[in-house]
Each structure stands twice: as structure tokens, then as C-alpha cells.
2 protein chains.
Amino acid sequence: MKLEKDQIFNADCLSVLKKMPKNCVNLIVTSPPYADNRKSTYEGISVESYVKWFKPISKELLRVLKPKGSFVLNIKERVIDGERGTYVIELILEMRKQGWLWTEEYMWHKKNSYPGKWPNRFRDGWERCLHFTKEKGFNMYQDEVKVPTGDWASSRLKNLSKTDRIRDESKVKSGFGKKIENWIGRDTVYPDNVLHFATVCENKGHSATFPSELPEWFIKLFSKKGDIVLDPFLGSGTTAIVAKTLERHYVGMELNKTYYKLAKENISKFVPTKIKKRKVKGKEILSNERNIK
Amino acid sequence: MKLEKDQIFNADCLSVLKKMPKNCVNLIVTSPPYADNRKSTYEGISVESYVKWFKPISKELLRVLKPKGSFVLNIKERVIDGERGTYVIELILEMRKQGWLWTEEYMWHKKNSYPGKWPNRFRDGWERCLHFTKEKGFNMYQDEVKVPTGDWASSRLKNLSKTDRIRDESKVKSGFGKKIENWIGRDTVYPDNVLHFATVCENKGHSATFPSELPEWFIKLFSKKGDIVLDPFLGSGTTAIVAKTLERHYVGMELNKTYYKLAKENISKFVPTKIKKRKVKGKEILSNERNIK
DNA sequence: GTTCCGCATGAATCGATAG
DNA sequence: ACTATCGATTCATGCGGAA
């Protein structure tokens, strides 16, 4: 299969990945389905089989990723019978056996974590963003995520107020250069490996597993314009939308038909491109043309 | 050996632990020496042998801990040859085999992380605080660590009281006063599992140190007055001082003679005055801060 | 045009209940 | 005894309507 840019598949990611050529994507950002506590699950993945389920996928991801590319895995283990599940840390060990380098673990601090009160724990306010690479000398564009110093920056990080959000959205839409302009005269510093983003709620209009700021940060950090960003569990399409907005190409898979349609709808709505359907060798693929407004 | 309260040992913790009776301490809080990359280390523990070195200690800790007690392990894996070391997550798996329950993983977000710049990673801004227990029904005193509400409620409360003062002057019996009381009663909430503390000044490269706020938070959360708090890697004595300040008893071990003397000196210097507390909204609260400053 | 308040909601977890 | 379902708990956030 030749890799067509900017398309999404309504299919199991493993089957699509196997048809993809090796070393073809620059960055993988995804948040896979979380494990399900129920013993017998027909759509979810059980806790017991999680590692076994994910291993063939991570093996293919290793194959399709370019040598200097990165794989960012957003995940968090469930509480199982009063304990934190061990399947995530077991997965790390298994992926290293496959050849992945566990380069870093970024922490996503969710300021608005799910409420609740229990006798043995507090609300869970963070998730892992595991950073895997194929080589030590992977691409990392640190200057693209520098943050300004001073109160303005820290307050923006801790609390995305309404004005900040407007600024943030315009920043994404107009590209990164404009943001730099806004910060001229200010000192900028490199961030640390802790990310402060609020989760998205349903009332924002579209449900998503992670806020757009999360893939945005990693896409800026680990890819450049024109690169290809892959999300094998696309969900409602957040990764693809952000990638396209940042002038990267996207490839995505989503098994669930409802989410696939939602992603397609969201992408067509948000991305300033005209999507055309085309038949190639009996298969329907997507190609896009630049929409010169 | 009979357990003497409020004493510290200048000895290898394992040898002392073995002499201690079982089920005698209520809480263990410690930050063990970090693994050392160098092959032959004088006092450090090599990366390869870290799990093997720690297992007999954690086995004894399991024995001396009371059934409803907790073990809080502050640790973070080093970067080894460009990758995060796996010995911490391997240790979690091994400790579960010993009988420990991996109940939770708290996250210490270091607000002022150690500076530096590397081509493949950012500054490390967080450490793990692994929470192990012997039973599901362990002791947890959640009310002791409540924090002020976030911006949402505080700004709302501020505005409510402002408009309400006006209404109160005009309408004495409006029934609105009670509503305010409900809001005021809600000015503290339960925290999540992310702790925001600044690091302490760099100690002279020996055993890992944490700010006093860290043991303070866990001592308040997992023990009550009169309980016994153990730190098998006491360092300069932070855990013991905080324990005593909070009217708990302490037991500590420190192998390094210099640090042992320092700890003893620090503890003896300690005058049982009030621990540093801050006033927030007229209420005394913990030094933990809900928001990133 | 702002600011402010009411309300719904979210990758949750525990304990009790029912089969 | 083991498993599935359900109600209670909790708080930061965004949206929409009101002041």
C-alpha cells in the first residue's frame, strides 16, 4: 500500500498498519482505549489481555515510524481491586523488548480531574505521556515549545482563562510565527516535562480523550511542517485536526463507525482544505486540495 | 529488640530493621539513595543491582509496618544511556510479589526543577511518590490535608460576599445569609494526587532529599498523633523533625556518619514550636498548594 | 459589551445489592 | 464465592442566559 497523506480509515488499526510501508511516519501521537474492568468485554479491552492486545500494534508502530521519529503514548492505569493496575508498566517493559527506547515519561497534570471521594485515594489528577523512540538521536525541536517567563506565562499554564483560550486558538490558526511576534521583547525559557492542561468536557461541543493542547505540544516538539503524524486510535479526530492546523499531514485509524464519522465531520469542519473523494483501485481514499480562500 | 521511640541509628537500615518487632510502625516515608550510574560506587547503589539491593529492605519494611499502615516511597528513575531506567517499575512488580499492594502513585510536581538543557529531553519536573499498603482497609485521614478551593469557587465566593454585603444591609431578613454560610463552609476541598512543592536547595550529592512539605503531607494523611513514623534513609533528618513537629514519634536510620551527625544535630536543635503554617482565607492550611504559582 | 451566575458534565471509584 | 449493575460521592470547566 502506498501511503496517502491526510486520510483516515474506518478500520482496525492493526490491519491498516500492516499494509503501510516501513519508516513512513514522523510522529505517532495517540491515546489508546483504556482497559475495561469488566471481565468479559466485547468492545473494551480487558485488564488481563491489555498488554497482549497492544504488543502487535506497538510492533507495527515501530516498523512504520521513521528512524528519527517519536511515539507519544498517552495512557493511565485503572484502579483494579483497590490497586493501581500494573499493565502499563508491564507494557513499557515489553515494548523495550520489541526494540523501543523508553526515552522519557512526560506527565500531563489534569487540573480539572474527575471528582469523587473514596476512603483510600484522592481524585486522579495526572496521566502518563510515555515517549518512545527508535534511536537516541531522534528529532526534537525544543525551541518550538518555549514558554515566556514571568507571571503571564505561568498563569496561562495553570489556568487557561477565556482570554488566554482566545489567544491560544488564534495562535493555532495563524501558525506559530505569530505567537513569537506576540512574545517579542519577552524572555522565553524551555519548559520541563510536566504539562498543565485542562481536560475537555462535553459541553465544549466535541468529546475528546485529550485536549488539543496535548497533541499540539508534542507535534510541535517532535515534528516539523510537512511531516506525517499518525494516530492509530483517532477517536473524534483531535490529533488530525491539530496536525493539519500546524501544517503537518495526518494519518488516522478509528474502528468505531460513529467516532469515525465524527472525526471525518470534525476534520472537514476545522481544516481549511477541500476534501474530495476519489476511487483508486476500487478503494475509496481521500485526497485533499489546498483551499485558497 | 524493643522498639524505642524517637531514636535514630547510625547503621545500615537492613540490620536494624531485622531486629525490630513486626507490626510496630504506622507509617514509612522515605527517599532512598538514588541509583548511581558509575559501576563501582563507594556508597551509591549501581543501576544494575538496585532492585536486588532494595528487595530485602522492602521485605523487612513490610514486616515492621502495622497492618493498616502505609509506605510512601519517593523515587525517580535516572536517565541511563539516553533512556529512563526501568528499575523503579521493576521494583514495583517485585514488591507486589512480596505482598505489598501498589495502592496509588502520587505525583510530586517540583515547581523549581533542576536547571539544565539536553538535546533529547527537558528538565525533569516531577518525581514519583509510590504508595504501598498491606491491606485495602488502611488508615487515611483525608480531612487533614484539605486545600482551599480553586479559582472557580474562590472568585465566586468573593463576588457573592461582595454583592451580599450590599444586600445584607438593605434586607436583613432575606434568607440569603444562610446561603453564604454554605459557600463559606465549602472553602476547602479534597486535593488530588498531584503535589506541588518546590525542591529544597541542593544537598551535597548524597542521599536524595525532599522538602519538609512532602513528608508533612503524607504524615498528616496516613498517621495520627502518637503514631510512629519510620524513615530508613533519614539523611539530614527531615522526616524525623516533621514527625516530631506533628506530634508523631520517629524512628530513623542513616548509614553515613556525617549525615547521621547532621540529623542528630538538626533534631536536637529542634524546639517543639509550631511548624510553619500559612494562613489562607483565614484558615490554617497545609503548605501544599493547589495551584501552580 | 462586559461580567456574573446557574447548571450540566467528565478516560472515576467504592460499596452495596442482586443474580 | 464470584460477577455485573447501580447509586453516592465530588469539583473544575464551559456554555448560555441574566444583570
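In the text below, chain A, chain B and the rest are named by the order of the sequence lines, each starting its count at 1.
Note on A:R123: every side-chain N or O is 4.0 Å or more away from OP1 and OP2 of C:dT13. Taking only side-chain nitrogens and oxygens, A:K111 comes nearer than 4.0 Å to OP1 or OP2 of D:dT13. Note on A:R84: a side-chain N or O is less than 4.0 Å away from OP1 or OP2 of C:dT13. Neither OP1 nor OP2 of C:dG10 sits under 4.0 Å from any side-chain N or O of A:N112.
In terms of heavy atoms, A:T238 sits closest to A:P215 at CG2-CG, 4.1 Å.
Between the P atom of D:dT9 and the CZ atom of A:F122 lies a distance of 18 Å, rounded to the nearest Å. Going from atom CZ of A:R78 over to atom P of C:dA11 covers 13 Å, rounded to whole Å. The distance from atom CG of A:D81 to atom P of D:dC2 is 11 Å, rounded to the nearest whole Å. Between the C1' atom of D:dT13 and the CZ atom of A:F197 lies a distance of 16 Å, rounded to the nearest Å. Computed from coordinates, the A:K110 NZ to D:dC11 C1' distance equals 13 Å when rounded to whole Å. Atom-to-atom, CH2 of A:W126 to P of D:dA12 comes out at 20 Å; the value is rounded to the nearest Å. Following rounding to the nearest Å, A:R128 (CZ) and C:dA11 (C1') show an atom-to-atom distance of 15 Å. In this structure, B:M140 places its CE atom 13 Å from C1' of C:dT13, rounding to the nearest Å.
Closest to the side chain of A:W118, out of D:dT10, C:dA11, C:dA12, is C:dA12. Side chain of A:P115, nearest nucleotide from D:dC11, C:dA11, C:dC14: D:dC11. Listed nucleotides: C:dG15, C:dT13, C:dA11. Nearest to the side chain of A:E127: C:dA11. Picking from C:dA11, C:dT13, D:dT10 the nucleotide with the shortest atom distance to the side chain of A:T209 gives C:dA11. Comparing D:dT13, D:dC11, C:dC14 against the side chain of A:A198 picks out D:dT13 as the nearest.
A salt bridge is defined here as a Lys NZ or Arg NE, NH1 or NH2 lying under 4.0 Å from an Asp or Glu carboxylate O, and A:E60 with A:K18 fails to meet this definition. Look at B:R84 and B:E77 and you find no salt bridge, because none of the NZ, NE, NH1 or NH2 atoms lies under 4.0 Å from a carboxylate O. Under a 4.0 Å N-O distance rule, the pair A:R128/B:E105 qualifies as a salt bridge.
By the stacking rule of 5.5 Å between ring centres and under 30° between planes, A:Y114 does not stack on the base of C:dG10.
Centroid-to-centroid, the aromatic rings of A:F218 and A:H131 stay 6.0 Å apart or farther.
Residue contacts for A:P119: at a heavy-atom cut-off of 4.0 Å it reaches the sugar-phosphate backbone alone, with no base atom in range. Among the protein residues, A:P211 comes within range of no part of the nucleic acid, since none of its heavy atoms lies under 4.0 Å from any strand.
Relative to the ring axis of B:W100, B:K134 does not place its NZ or CZ within 45° and under 6.0 Å from the centre.
A residue-by-residue look at A:I80 and A:N74 shows that A:N74 has its nearest nucleotide of DNA chain C further toward the 5' end.
Under 3.5 Å, the side chain of A:S31 and the base of C:dA11 form at least one donor-acceptor pair of N or O atoms.
Across all strands shown, the partner of D:dA8 is C:dT13, judged by Watson-Crick or G-U wobble contacts whose two distances both fall under 3.5 Å.
The separation of D:dC15 from C:dA11, taken at their P atoms, amounts to 15 Å, rounded to a whole angstrom.
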